[in-house]
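Below, all heavy atoms of this structure are taken into account, side chains as well, without hydrogens, waters or symmetry copies.
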Amino acid sequence: MILYSCSDSGTGTDDNSNGSGNGGGGGSNTIGTAPTFENVGQILAGSCGDCHTSRQESGVRVNTYENLMNSVGVQYGREIVDPGSADTSPLIDKIEPDPQFGVRMPEGGSPLTNARIDQIREWINNGAENN
């Protein structure tokens, strides 16, 4: 998938943990640390900007659970989330350093912290449920 940054890097997604470790993220600009779609969705919404939330870019749209799970990355030619296997999920490949295709996301924005990447990995490894 060829992705261009439309990210508003001032969202502070990586630093918005509520510190509770159990995550509901009920307050504004607060993202929990639990590996749930509620939290992962907030991370993606804050980091993926207009390119992948308000529209589909390179086959990827992350504004809803259904859109995320049905997104087929153009460069990868398959769904970007492989439930149960973060290591084979193109989503993880694109947010970690040195992706197989293209550049690390969000292009032009601040990369996600290792803690946020690990949180997304854990959610995927747990089956990528809509929780």
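Looking at heavy atoms from C-beta onward, Glu122 lies in side-chain contact with Asn126 at the 4.5 angstrom threshold. Between Leu91 and Ile120, the closest side-chain pair of non-hydrogen atoms falls below 4.5 Å. Side-chain atoms of Asn131 and Trp123, non-hydrogen and from C-beta on, do get closer than 4.5 Å to each other. Within the 4.5 Å cutoff, no side-chain heavy atoms of Val74 are placed close to those of Phe101. Contact annotation: the side chain of Pro111 approaches that of Arg104 to within less than 4.5 Å [non-hydrogen atoms, C-beta and beyond]. Using a 4.5 Å cut-off on side-chain heavy atoms (C-beta onward), Met105 and Val103 make contact.
Nearest heavy-atom pair across Pro83 and Met69 is CG-CE, 3.6 Å. Heavy atoms only, all atoms of each residue included: Arg116 and Thr33 are closest at NH1-CA, 4.2 Å. Of all heavy-atom pairs spanning Gln119 and Pro35, the tightest one is O-CB, 3.8 Å. In plain terms, the two heavy atoms of His52 and Glu57 that are nearest each other are CE1-O, 3.2 Å. Scanning both residues, Arg121 and Glu96, for their nearest heavy atoms gives NE-OE2, 3.1 Å. For the residue pair Val81 and Ala128, the shortest heavy atom distance occurs at CG1-CB, 3.8 Å.
Separating the CG atom in Asp98 from the CG atom in Asp93 is a distance of 9.5 Å, to the nearest 0.5 Å. Here Asn125 contributes atom CG and Ser89 contributes atom OG; the two are 8.0 Å apart, rounded to the nearest 0.5 Å. Note that OH of Tyr65 is 7.5 Å distant from CD of Glu129, once rounded to the nearest 0.5 Å. Put simply, CD1 on Ile92 and CD1 on Ile124 are 4.0 Å apart, with the number rounded to the nearest 0.5 Å. Separation of atoms CD (Glu38) and CG (Asn130) is listed at 10.0 Å; rounding is to 0.5 Å. Separation of atoms CD (Gln56) and CG (Asn63) is listed at 9.5 Å; rounding is to 0.5 Å.
Using a 3.5 Å distance cut-off with no hydrogens or angles, the side chains of Asp82 and Thr88 do pair a donor with an acceptor.
With sequence neighbours left out, Ser54 forms a side chain to side chain contact (heavy atoms under 4.5 Å, CB included) with Asp50.
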Run Ile80 and Val72 through side chain to side chain contact (heavy atoms under 4.5 Å, CB included) and show every step you take. CA-CA 6 Å; Ile80 64 166; Val72 175; over 6 Å; no
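Ion pairing between Arg61 and Glu66 fails under the 4.0 Å rule for side-chain N and carboxylate O.
When the options Ile95, Val62, Leu112, Thr113 are evaluated for a side chain to side chain contact (heavy atoms under 4.5 Å, CB included) with Ile43, the one that passes is Leu112.
Using a distance-only test at 3.5 Å, with no hydrogens or angles considered, no donor-acceptor pair links the side chain of Asn39 to the main chain of Ile31.
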